[in-house]
Amino acid sequence: MVKKQIENFDLEQICNSGQCFRMKKLAENKYRIIVGARYLDVYQKDGESIFYCSLEEFTEVWEEYFDLKRAYKLYIEKINPKDTYLVNAAKLGGGIRILKQDLWEMIVSFLISQQNNIVRIRRCIENICREYGEEKITASGEHYYAFPKAEAFACLEEDDLKACNLGYRSKYVVRAAKAVVAGEIDLQAIEKMKYAKAKEELLKIFGVGVKVADCICLFGLHHLEAFPVDTHINQALEKHYKRGFPKRRYKGFEGVLQQYIFYYELFGEKTE
DNA sequence: TAACAGGGACGTA
DNA sequence: TACGTCCCTGTT
């Protein structure tokens, strides 16, 4: 078990930010996250985080995964103080960090996310993990499922995942899996690309549009300059940034601010 | 009961 | 560029 005081790190906010669909709030101050084939419980209260793992695992896996070495405070400090909307957004969602998640997992997750709500996205992902993911057992004897590899979907018919509630998105996931297994999509190559090139490559995947590509870039490749625009963000931009969001000022970490805005739109005070 | 919207994208025109 | 359609579920 590892105990740490960490600024700008709030698992409740990260849960609600919708970047990770396999993190759950178990009870007050208690969170559980499944990453690939790994599993972690975290207790978090009053700025103190307790990670239920060895110090080794913490430094090798989780510190990286939660992006804990990065000082998000520096981003927040760069916000234009005259921009009260963004200042308030960062005040509310300042505990969000951009997780370093698995590329394949993000491709599938955000293919499923389209025209869908978070509760149902979670269920869809639980379903495909249960059906196609490898079953694991923790040291304490709890069962969980790893996220399915592309190979697990590649042999399916395009509509087979409708049984997991994916609806018309089933064929997107199956086709993407086939393309990965066939080598038409090279995940390792995409991981080495810069943002613009990676996005271009992701857009070739059937079912991936501009918004989903940006989500994959931000959450699966940690390109912090990716700025996904969905309906919520679009509304916020129309309301508060009629002349456009000042991307130049925030060059290189637009995606972090996108998360603050998104979170603020969903959970902030409604000041209509 | 029916209509609608929910972190879009595709195909067609 | 615009618009209908895709599937499912919770909400009104």
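Quick note on labels: first sequence line is chain A, next is B, and so on, each numbered from 1.
Atom P of nucleotide B/dG8 and atom CG of A/D214 are separated by 14 Å, given to the nearest angstrom. Residue A/R122 contributes atom CZ, which lies 15 Å from atom P of C/dG10 at whole-angstrom precision. The nearest whole Å value for the distance from the CD1 atom in A/I121 to the P atom in B/dG7 is 7 Å. Distance A/R123 CZ to C/dC8 P: 13 Å, rounded to the nearest Å.
The minimum heavy-atom distance linking A/F227 with A/E254 is given by the pair CD1-O, 3.3 Å.
Inter-residue side-chain proximity for A/F245 and A/Y250 is flagged as met; some heavy-atom pair is nearer than 4.5 Å.
Within 4.0 Å of A/V229, counting heavy atoms only, lies no atom of the nucleic acid at all. Within 4.0 Å of A/V119, counting heavy atoms only, lies no atom of the nucleic acid at all. Among the protein residues, A/G207 comes within range of the sugar-phosphate backbone only, with heavy atoms under 4.0 Å from sugar or phosphate atoms but none that close to a base. Among the heavy atoms of the strands lying under 4.0 Å from A/F262 is at least one base atom, whether or not backbone atoms are also near. The residue A/C124 sits apart from the nucleic acid: no heavy atom pair falls under 4.0 Å.
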So which protein nitrogen or oxygen atoms get under 3.5 Å of nucleotides 1-7 of chain C's nitrogens or oxygens?
from, atom 1, to, atom 2, distance (Å)
C/dC7, O4', A/Y168, N, 3.0

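Taking the side-chain contact (heavy atoms from CB on, under 4.5 Å) definition, one finds that A/E12 meets it with A/D10, A/N16, A/K25, A/Y31, sequence neighbours left out.
Each of A/R70, A/E77, A/K78 was checked for a side chain to side chain contact (heavy atoms under 4.5 Å, CB included) with A/L74, and the lone residue meeting it is A/E77.
With 3.5 Å as the limit, one finds no donor-acceptor pair spanning the side chains of A/N117 and A/R120. Judged purely by distance below 3.5 Å, without hydrogens or angles, the side chains of A/R32 and A/Y39 pair a donor atom with an acceptor atom. For A/Y241 and A/D83, the side-chain atoms include at least one donor-acceptor pair closer than 3.5 Å.
Taking atom P in both C/dT12 and B/dG7, one finds a spacing of 14 Å when rounded to whole Å. Here the separation of C/dG4 from B/dC4, taken at their P atoms, is 13 Å to the nearest Å.
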Legend entry - Paired and unpaired positions of DNA chain C as dot-bracket, Watson-Crick or G-U wobble under 3.5 Å, | denoting a partner strand: ||||||.|||||
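A/F206 carries A/R175 over the face of its six-membered ring, with the cationic atom under 6.0 Å from the centre and within 45° of the normal.
If you look at A/Y65 and A/F58, their ring centroids are not closer than 6.0 Å.
Side-chain nitrogen and oxygen atoms of A/T231 include at least one within less than 4.0 Å of the OP1 or OP2 phosphate oxygen of B/dG8. Between A/N165 and C/dT9 there is a side-chain polar atom (N or O) within less than 4.0 angstrom of OP1 or OP2.
Between the side chain of A/K211 and the base of B/dG8, no donor-acceptor pair under 3.5 Å is found.
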